[in-house]
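Model, not experiment: these values are computed from the prediction.
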Amino acid sequence: MKRLVLTLTIALCFIGFSSFKSNDDSIAPEAAVKSFNAAFKSATEVSWSISESLYKANFSLNGQYVSAFYNAEGQMIALTRNLSSLELPIALQASLKKNYDCYWISDLIEVAREEGTSYYITLENADTKLTLKSSGLDWSSYKKQRKS
């Protein structure tokens, strides 16, 4: 009886997992896939998903994991990648050291758009989680929340 229950449980798990839509390029419109393939010919490990009204391609490029966001017409809206604090421009590193020395970095993302490159950093201490944005040489507050 235990074997039967175990076998049925495993079978149901496989059926359940197979019913999820796979992360292949059939999720994205053909225009987005064509645009992506033209821009990132050497990309590997490509997977597609839908994020709000945009189509997101996660992929590896030159040893880095990158995400590209496309609209339904195939226009690339933004590119994002995770960074280490050492990859930030020197002025932003100095500003962090000067103004946020009592925080640690929990997330750092570079967002490249047609308008330019922005950085979003999440800083934390024991009481606060703070997200900052920079589009220039200094940081501005983007979101602040108290930890419970």
Where is the tightest heavy-atom contact between [X] and [Y], given as atom of each residue plus distance?
X      : Y     : value
Ser67  : Lys56 : OG-CE, 3.4 Å
Ile50  : Glu52 : CG2-O, 3.5 Å
Ala32  : Ala28 : CB-CB, 4.4 Å
Ile105 : Ser85 : CD1-CB, 3.5 Å

- [ ] Please state whether the rings of Tyr70 and Trp48 are parallel, tilted or perpendicular, taking 30° and 60° as the class boundaries.
- [x] tilted
Open item on the list: Other residues, nucleotides and ligands only: do more than 12 of their heavy atoms fall within 6.0 Å of CD on Gln145?
Closed with: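 Atom CD in Gln145 is packed in, count exceeds 12.
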Open item on the list: Can you tell me if Lys98 has over 12 outside heavy atoms packed within less than 6.0 Å of its NZ?
Closed with: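 Counting neighbours around NZ of Lys98, 12 or fewer heavy atoms of other residues, nucleotides or ligands fall under 6.0 Å, so no.
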State, yes or no, whether a side-chain contact exists between [X] and [Y] at a heavy-atom distance under 4.5 Å.
X      : Y      : answer
Glu45  : Tyr65  : yes
Thr128 : Lys144 : yes
Leu92  : Tyr119 : yes

Open item on the list: Under 3.5 Å, is there a donor on one side chain and an acceptor on the other for Ser135 and Ser118?
Closed with: yes
Treating [X] as the side-chain partner and [Y] as the backbone partner, does any N or O pair qualify as donor plus acceptor under 3.5 Å?
X      : Y      : result
Ser140 : Lys133 : yes
Gln93  : Leu86  : yes
Gln64  : Leu61  : no

Task: Distance (rounded to the nearest 0.5 Å) between Ile77 CD1 and Glu114 CD - done: 8.5 Å
Task: Interatomic spacing from CG in Asn62 to OG in Ser42 - rounded to 0.5 Å - done: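 Spacing of CG (Asn62) from OG (Ser42) equals 5.5 Å.
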TODO: Flag the pair Phe36 / Tyr55 as yes when their ring centroid distance falls below 6.0 Å, and as no otherwise.
DONE: no
- [ ] Could you tell me whether Tyr100 and Trp139 have their ring centroids closer than 6.0 angstrom?
- [x]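 For Tyr100 and Trp139, the ring centres are not under 6.0 Å apart.
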Open item on the list: Assigning hydrophobic clusters by single linkage (Ile, Leu, Val, Met, Phe, Trp, Tyr; side-chain heavy-atom cutoff under 4.5 Å), is Leu83 placed with Leu96?
Closed with: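 Hydrophobic grouping puts Leu83 with Leu96.
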